[in-house]
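Here the structure is laid out as structure tokens; the discussion comes afterwards.
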Amino acid sequence: MLVRPLTEIQELVREAILAAQGDGDLPAFDVPEPVVERPQHEEHGDYATTVALQLAGVARMPPMRIAEAVASRVTRADFIAQVEVVRPGFVNFTLDEGWLSRQVDEILALGDRYANLELGQGEKVQVEYVSANPTGPLHVGAGRNAAIGDGLANVLEAAGYDVQREFYINDAGTQMRVFMNTLYARYAQALGRDEPIPDEGYPGAYMVELGDLLASQEGTRFLDMPREEALDALYDIGLEAMLATIRDDLRLMGVNYDRWFSETSLYEDGLVDQVRALLEEKGYIAHRDGAVWFVSSELGDEKDNVLVRSDGEPGYMASDIAYHYDKFILRGFDKVINVWGADHQGHIPRMKAAMRAIDVDPDRLVIIVYQLVTLRRGGEIVRLSKRTGDIITLRDVLEEIGPDALRFLLMARAADSQMDLDLDLAKEQSSENPVYYVQYAHARIASILRYAEHIDYGDGDVSLLQHPAELALIRLMLRLPEVVEKSVTSLSPHYLPHYALELAGTFHPFYKQCRVVSSLPEDMPLNKARLKLVAAAKIALARVLDLMGVATPESM
RNA sequence: GCGCCUGUAGCUCAGUGGAUUAGAGCAACUGCCUUCUAAGCAGUGGGUCGGGGGUUCGAGUCCCUCCAGGCGCGCCA
């Protein structure tokens, strides 16, 4: 089992404080979770705790004295070479180099299980992401949603959660009807009819193409039937066509779902009615102005929300509540994570209210909100035009800059921050893109291993790895589990690309400084040790790239 | 008007429950390929962390306020 220095040190510090209290060197107080961090400068060691500074107030002692009391009682584990007290009260830890080099064997033994954690304990988590309306091609915002959601799902899985990835298909409601009316019009137009598209319809060129396709494949048969009947018949074809392009776009990005969940099915299965009855029973339903309301204001929301409109049509809340009832009550997810664009941010309070209404702890529903992507081209903002339906689709961008570069870019930003994506720049820089820097490290290692195919390095002695560049590389590899943990606990996959960059940025200098395969016979022991090292580095690189959903090329 | 998010290098962005001397990529400049991939390496220049107050031994990070930007505030989803 791999030792995780950060968590271990946290525990050692905690024990040291308790021991100091037992000896009377520290007064009695509740021992907090000690903050162990990674110092910015290497001369401060590999890890440092500021616990003495934290405790100075509580203990009413100078931080230096607390630090000394703690440092002197830290059990000397084999992975620690040095524990040092530094003004004004830091306790700095330096990892043992012999121990560091031994970790290479540990990583090799773990292989692609390296950096798996047991945080989740098999807890059932669902991540629902993208879930764009199937009324048009995906735009770039959906790409950001996909990068975040999929990265989150990957990292949760690595951390030991039982993860399910889901796409919610909004195939019911007004938008869908408008889509069908538009499709009917485009289809009729393709056959020469003078059929205007509806006022609020979808003006995009893709609808014209879809209409043409329908006309050529199905002929005039839908025109020969009554309009309502034709709309029904077109429904399945139109929906399937849209979903197919959405699926393809996402697959291109490397995103695959466990389940595509249909909103319509919630109506067909009677769940919407059932959940409405449940709300009625609990007294969260009111009838006003001819509409049926969910009295969410009694559950912490600012105002009530319409479940069934006065025209008899159910609103989106009706199916949304039923959907989450299905997730939590019927399918039994312990936690549900929904990834939403900032434009849906206002829905959070009503969904939380809905959770209370169905007796689900609102904290079990986590909404990740990401800020919108501003597309630019040569510095100019590319506005999407609702009127003409001209949009830059996810597909366009994928074809322009490639899935790996796009995923890396979209993932590297914290969800909270708005992001600019300049297509011209991204394309221009694509060969200088950070993702290639990381992939290149992976390909380089693959190349070395091919070159050294004839060498059986299984008996390599890792204790020969003492060069600063070698140790730096091992240190970086050992951080991957911390990065996974950090990404999971903060639900922020953007740590992954930054770590990947650092790891590659430690590998390349190593490569320059340390020749892995030397032809001198006397170098063979070191060659074998270094082959082990690069094989381990390949594992770590591949792992972080996999978690990001980015390809791991064997050559470039 | 109210709510959420953001403001860090020329550009795009990191900066982990406050902590030791503010980072990366790109762009600019200077060197480095007769041995494992130069999509690489080594180095240089570049920042009043939006402004102002406050808390703290210590603030890019917390609080207040102002300024600027994004997104919401429907019987649309």
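Chain identifiers are assigned alphabetically (A, B, ...) following the order of the sequence lines, protein sequences preceding nucleic acid strands; residue numbering begins at 1 within each chain. None of these values were measured; they are calculated from a predicted model. Atoms considered below: every heavy atom in the structure, side chains included; atoms not considered: hydrogens, waters and symmetry mates.
Nucleic acid contact for A:E485: none, since no nucleic acid atom lies under 4.0 Å from a heavy atom of the residue. Among the protein residues, A:S417 comes within range of the sugar-phosphate backbone only, with heavy atoms under 4.0 Å from sugar or phosphate atoms but none that close to a base. A:Y437 comes within 4.0 angstrom of the backbone, heavy atoms only, and of no base. Contacts of A:E37 with the nucleic acid, taken as non-hydrogen atoms under 4.0 Å apart, involve only primed sugar atoms and P, OP1 or OP2. Among the heavy atoms of the strands lying under 4.0 Å from A:N92 is at least one base atom, whether or not backbone atoms are also near. Using a 4.0 Å heavy-atom cutoff across all strands shown, A:H494 reaches sugar-phosphate atoms only and no base atom. Residue contacts for A:Y511: at a heavy-atom cut-off of 4.0 Å it reaches a base atom on one of the strands shown. When heavy atoms are screened at a 4.0 angstrom cut-off, A:A414 is found touching the sugar-phosphate backbone but no base atom. At the heavy-atom level, A:L53 lies under 4.0 Å from base atoms of the strands shown. Looking at heavy-atom distances under 4.0 Å, A:D422 makes no contact with the nucleic acid at all.
For the P atoms, the distance from B:C13 to B:C64 is 26 Å, rounded to whole Å. B:U48 and B:A22 have their C1' atoms separated by 13 Å, given to the nearest Å. On the C1' atoms, B:C57 is 12 Å away from B:G18, given to the nearest whole Å.
Spacing between atom CG of A:D416 and atom P of B:U8 amounts to 15 Å, rounded to whole angstrom units.
Residue A:R65 qualifies as open at atom CZ: its count of foreign heavy atoms under 6.0 Å is 12 or below.
With a 4.5 Å cut-off on side-chain heavy atoms, A:Y511 and A:R444 count as touching. Here the side chains of A:L423 and A:E400 are in contact, with some heavy-atom distance below 4.5 Å.
Pairing for B:C71 is with B:G3, a Watson-Crick or G-U wobble pair whose two hydrogen-bonding atom distances lie under 3.5 Å.
For the residue pair A:Y202 / A:Q175, a side-chain donor-acceptor distance below 3.5 Å is found, with atom types taken as modelled.
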